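Report on the following structure.
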Amino acid sequence: MSAMSRGARRGQAVNHETGEVVQMSFFEDETLQRAKVRYDWNPFPGRHVNIPKQLGAKLYAKDSGYTQKDRDLFFFYCVVSPDGAEPLRLTYKEIASLVGGRPDTISKSLGKLHAGGLLLKSETIGKVIFYRLNPRAGYDGPAAAQVEAVKDARLPVVPPPAAETVRKEAAS
């Protein structure tokens with residue numbers, strides 16, 4: 001089996017005129033090449049979200065405290081949110097039109113996801129609260145950026161705190 005058929009890099013390891021060893025690299029410009037690499041899962045190539053498998057399994061357990069609608073909204077945020085720690089800037093009405101349901105039901109589910117730490121409040125405009133995905137629950141972006149993003153993020157909780165506990169904390 002030749003070196004080429006075993007996956008070796010094409011090119012010279014030695015400058016034949018001077019006898020000098022040439023620095024070998026596997027990509028023309030490794031930093032440029034690494035920045036371009038995206039997974040290509042045809043027919044749907046593009047971005048991918050890292051979600052802890054153990055957290056996902058807890059969310060689907062019977063005693064998780066989360067309903068199917070809550071899980072649907074969490075995964076909706078995972079796949080629709082912008083890269084990194086940016087909030088999803090959609091109103092409850094817009095989300096309801098995309099996933100089905102009523103805006104007040106969406107609001108309650110998002111509140112539960114926030115109470116459990118799966119979503120974090122990012123900004124408020126008027127009465128509308130925009131949430132972002134907790135980077136400890138799911139992250140869309142480079143690993144180095146996730147390390148920075150989780151520094152001030154709380155840990156998600158399954159099952160979520162009871163509604164009475166959440167209201168008491170908000171009132172105090």
Side-chain angles (χ1 to χ4, degrees), residues 31 34-172:
T31 57
R34 287 183 184 176
K36 286 183 180 179
V37 172
R38 285 286 199 183
Y39 292 104
D40 188 9
W41 301 104
N42 287 325
F44 306 109
R47 299 171 18 214
H48 292 79
V49 178
N50 293 327
I51 301 170
K53 288 181 77 170
Q54 188 176 21
L55 176 63
K58 283 183 171 186
L59 286 174
Y60 278 91
K62 279 193 287 189
D63 61 349
S64 73
Y66 293 100
T67 65
Q68 183 61 45
K69 186 62 139 183
D70 300 333
R71 290 189 294 268
D72 287 349
L73 280 172
F74 171 68
F75 287 108
F76 175 78
Y77 265 76
C78 289
V79 298
V80 177
S81 292
D83 287 6
E86 288 295 310
L88 179 60
R89 291 186 179 92
L90 294 175
T91 65
Y92 304 150
K93 186 176 181 179
E94 291 170 325
I95 294 171
S97 72
L98 293 169
V99 300
R102 297 184 351 231
D104 60 326
T105 307
I106 299 295
S107 173
K108 287 177 187 171
S109 284
L110 292 178
K112 188 190 292 186
L113 292 169
H114 170 66
L118 296 167
L119 299 179
L120 303 175
K121 284 185 183 177
S122 186
E123 59 189 60
T124 304
I125 299 176
K127 292 183 179 181
V128 179
I129 299 169
F130 294 109
Y131 294 96
R132 66 182 174 98
L133 198 57
N134 183 338
R136 292 184 183 272
Y139 193 76
D140 178 3
Q146 184 177 14
V147 169
E148 287 300 313
V150 299
K151 286 184 177 177
D152 64 346
R154 61 191 173 117
L155 293 171
V157 179
V158 178
E164 291 177 14
T165 308
V166 173
R167 276 191 229 123
K168 286 179 185 175
E169 288 175 5
S172 53

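These numbers come from a predicted model, not from an experiment. Numbering starts at 1 and runs along the sequence shown.
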With side chains defined as the heavy atoms from C-beta onward, is the minimum distance between [X] and [Y] less than 4.5 Å?
X      : Y      : value
Tyr131 : Leu113 : no
Ile95  : Tyr77  : yes
Asn134 : Leu119 : no
Cys78  : Leu133 : yes
Leu118 : Leu59  : yes

From [X] [atom1] over to [Y] [atom2], what is the distance, rounded to the nearest 0.5 angstrom?
X      : Y      : atom1 : atom2 : result
Thr124 : Ile129 : OG1   : CD1   : 5.0 Å
Leu98  : Phe76  : CG    : CZ    : 5.0 Å
Arg89  : Arg132 : CZ    : CZ    : 11.5 Å
Phe130 : Glu86  : CZ    : CD    : 12.5 Å
Lys108 : Leu73  : NZ    : CG    : 13.5 Å

Query raised in the report: Does a sphere of radius 6.0 Å around NZ in Lys69 hold more than 12 heavy atoms from other residues, nucleotides or ligands, not counting ones at 6.0 Å or beyond?
Result: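 Counting other residues, nucleotides and ligands, NZ of Lys69 exceeds 12 neighbours.
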Query raised in the report: Do other residues, nucleotides or ligands put more than 12 heavy atoms under 6.0 Å from Gln54 CD?
Result: no
List the atom of [X], the atom of [Y], and the distance in Å for their closest heavy-atom pair.
X      : Y      : result
Pro135 : Leu120 : CD-CD1, 4.2 Å
Ala149 : Tyr139 : CB-CE1, 3.9 Å
Ala96  : Ile106 : CB-CG1, 3.8 Å
Arg71  : Ser64  : NH1-OG, 4.0 Å
Asp104 : Arg102 : OD2-NH2, 2.7 Å
Pro52  : Ala137 : CD-O, 3.1 Å

Requested in this report: Please check if the side chain of Arg136 supplies one atom and the backbone of Val150 the other of a donor-acceptor pair under 3.5 Å.
Outcome: yes
Query - Check: Thr67/Asp70 side-chain N/O donor and acceptor closer than 3.5 Å - result: yes
Query - Pair Thr105-Tyr92, side-chain contact (heavy atoms from CB on, under 4.5 Å): steps then yes or no - result: CA-CA 9 Å; Thr105 307; Tyr92 304 150; over 6 Å; no
